[in-house]
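The figures that follow rest on heavy atoms only: side chains count, while hydrogens, waters and symmetry mates do not.
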Amino acid sequence: MNWLTNITALVIVAPVLIFTVTFIVAQNITKRTPKAVKQSADVTTFFLILAVHFFMIVLFDQSFLLYIFLFLFLIGILFVALYAKSQGVINFQKVIRGYWRICFFAFAILYLLLFVFGIVKSLLLVF
């Protein structure tokens, strides 16, 4: 294995490790599970986005970074428009926090789907 493969594997596994460690630390500090989950999600989102990018490179031998940025941009536009329509006034702190958590949810789903796809693809290559 070369160093690039090792880094790729580390980046793909990092979100799970970071979420777990952050959750344990936040749970011990706050003693409140919902707050610990939210804080862990906030910390892990960037690493999930990065992991999805690397997952796509590994699985499809192609970078989809432009599409990931486009997806992030469209989520942002949609979230701000829906927030403005429902609230009338935009509270930027709430909008950014909500956007970041929606990104966590969306990329966590993509991460899991790519993980399952990778397992199925590997099994099909073996058999």
Side-chain angles (χ1 to χ4, degrees):
M1 287 185 125
N2 62 23
W3 65 273
L4 189 59
T5 306
N6 293 338
I7 291 174
T8 302
L10 181 64
V11 169
I12 290 174
V13 174
V16 176
L17 298 174
I18 291 169
F19 184 87
T20 304
V21 169
T22 308
F23 176 77
I24 291 168
V25 169
Q27 177 70 23
N28 286 330
I29 292 172
T30 64
K31 307 293 186 211
R32 296 185 349 204
T33 301
K35 188 170 185 171
V37 169
K38 289 175 185 177
Q39 289 175 343
S40 301
D42 290 343
V43 171
T44 308
T45 304
F46 171 76
F47 297 99
L48 270 173
I49 295 168
L50 197 60
V52 165
H53 168 63
F54 275 84
F55 240 137
M56 289 179 157
I57 289 173
V58 168
L59 293 175
F60 304 115
D61 293 326
Q62 183 177 346
S63 174
F64 290 90
L65 192 58
L66 181 62
Y67 296 108
I68 290 172
F69 285 139
L70 181 63
F71 182 64
L72 288 167
F73 185 68
L74 291 175
I75 288 174
I77 290 173
L78 182 64
F79 185 73
V80 169
L82 291 173
Y83 186 88
K85 185 174 181 176
S86 69
Q87 300 297 319
V89 178
I90 296 176
N91 180 340
F92 285 105
Q93 185 177 3
K94 286 186 177 183
V95 167
I96 290 170
R97 186 181 309 126
Y99 166 73
W100 199 240
R101 290 189 180 152
I102 286 173
C103 288
F104 172 81
F105 183 71
F107 280 90
I109 290 172
L110 280 170
Y111 182 85
L112 292 173
L113 289 173
L114 289 169
F115 182 78
V116 171
F117 179 79
I119 291 172
V120 170
K121 183 178 176 182
S122 296
L123 289 173
L124 290 176
L125 289 175
V126 170
F127 297 110

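- Each of Leu59, Ile12, Leu10 was scored for a side-chain contact (heavy atoms from CB on, under 4.5 Å) with Phe54, with one residue passing: Ile12.
- Linking ILVMFWY residues whenever their side-chain heavy atoms come closer than 4.5 Å, directly or via other members, places Trp3 and Val11 in the same cluster.
- Here the CG-CD1 distance, from Asp42 to Ile96, works out to 12.0 Å after rounding to the nearest 0.5 Å.
- Less than 6.0 angstrom separates the ring centroid of Phe107 from the ring centroid of Phe71.
- Taken together through direct or relayed side-chain contacts under 4.5 Å among Ile, Leu, Val, Met, Phe, Trp and Tyr, Phe117 and Phe127 form part of one hydrophobic cluster.
- The main-chain N or O of Tyr83 is found under 3.5 Å from a side-chain atom of Ser86 such that the two form a donor-acceptor pair.
- In this structure, CD1 in Ile77 is found 12.0 Å from CG in Leu82, a value given to the nearest 0.5 Å.
- The CG atom of Leu48 sits 9.5 Å away from the CG atom of Leu110 when rounded to the nearest 0.5 Å.
- In the hydrophobic clustering of this structure, Met56 does not group with Leu125; members are Ile, Leu, Val, Met, Phe, Trp, Tyr whose side-chain heavy atoms approach within less than 4.5 Å, directly or through other members.
- No more than 12 heavy atoms of other residues, nucleotides or ligands lie within 6.0 Å of NZ in Lys94, so this atom counts as exposed by the packing criterion.
- Not one N or O on the side chain of Lys35 forms a donor-acceptor pair closer than 3.5 Å with the backbone of Thr30.
- Nearest heavy-atom pair across Ile18 and Thr22 is O-OG1, 2.6 Å.
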Derivation and outcome, side chain to side chain contact (heavy atoms under 4.5 Å, CB included), residues Leu112 and Val116: CA-CA 6 Å; Leu112 292 173; Val116 171; 5.6 Å; no
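- Taking CD1 of Ile49 as the reference point, atom CD1 of Ile68 lies at 8.0 Å (rounded to 0.5 Å).
- Proximity of Tyr99 to Val80: side-chain heavy atoms (C-beta onward) are nowhere separated by under 4.5 Å.
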Pair Leu78-Phe73, side chain to side chain contact (heavy atoms under 4.5 Å, CB included): steps then yes or no: CA-CA 9 Å; Leu78 182 64; Phe73 185 68; over 6 Å; no
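- Side-chain contact between Thr8 and Ile57: absent, with no pair of heavy atoms (C-beta onward) separated by less than 4.5 Å.
- Counting non-hydrogen atoms of other residues, nucleotides and ligands closer than 6.0 Å to CZ of Phe105 gives a total of 12 or fewer.
- Between atom NZ of residue Lys38 and atom CZ of residue Arg101 there is a gap of 5.5 Å, rounded to the nearest 0.5 Å.
- Ring geometry for Phe64 versus Tyr67: interplanar angle of 30 to 60°, hence tilted.
- A distance of 12.0 Å separates CD1 in Ile109 from CG in Leu114, rounded to the nearest 0.5 Å.
- Taken together through direct or relayed side-chain contacts under 4.5 Å among Ile, Leu, Val, Met, Phe, Trp and Tyr, Phe23 and Ile29 form parts of separate hydrophobic clusters.
- Between Ser63 and His53 the shortest side-chain heavy-atom distance falls below 4.5 Å.
- For Phe46, the CZ atom counts as loosely surrounded, since its 6.0 Å shell holds 12 or fewer non-hydrogen atoms of other residues, nucleotides or ligands.
- Cluster annotation: Val52 is not connected to Leu70 through the hydrophobic network of ILVMFWY side chains, with a link wherever side-chain heavy atoms come within less than 4.5 Å.
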Test log, rule side chain to side chain contact (heavy atoms under 4.5 Å, CB included), inputs Phe19 and Phe104: CA-CA 11 Å; Phe19 184 87; Phe104 172 81; 4.0 Å; yes
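- Note: Tyr111 and Phe55 have perpendicular aromatic rings, judged against thresholds of 30 and 60 degrees for the angle between ring planes.
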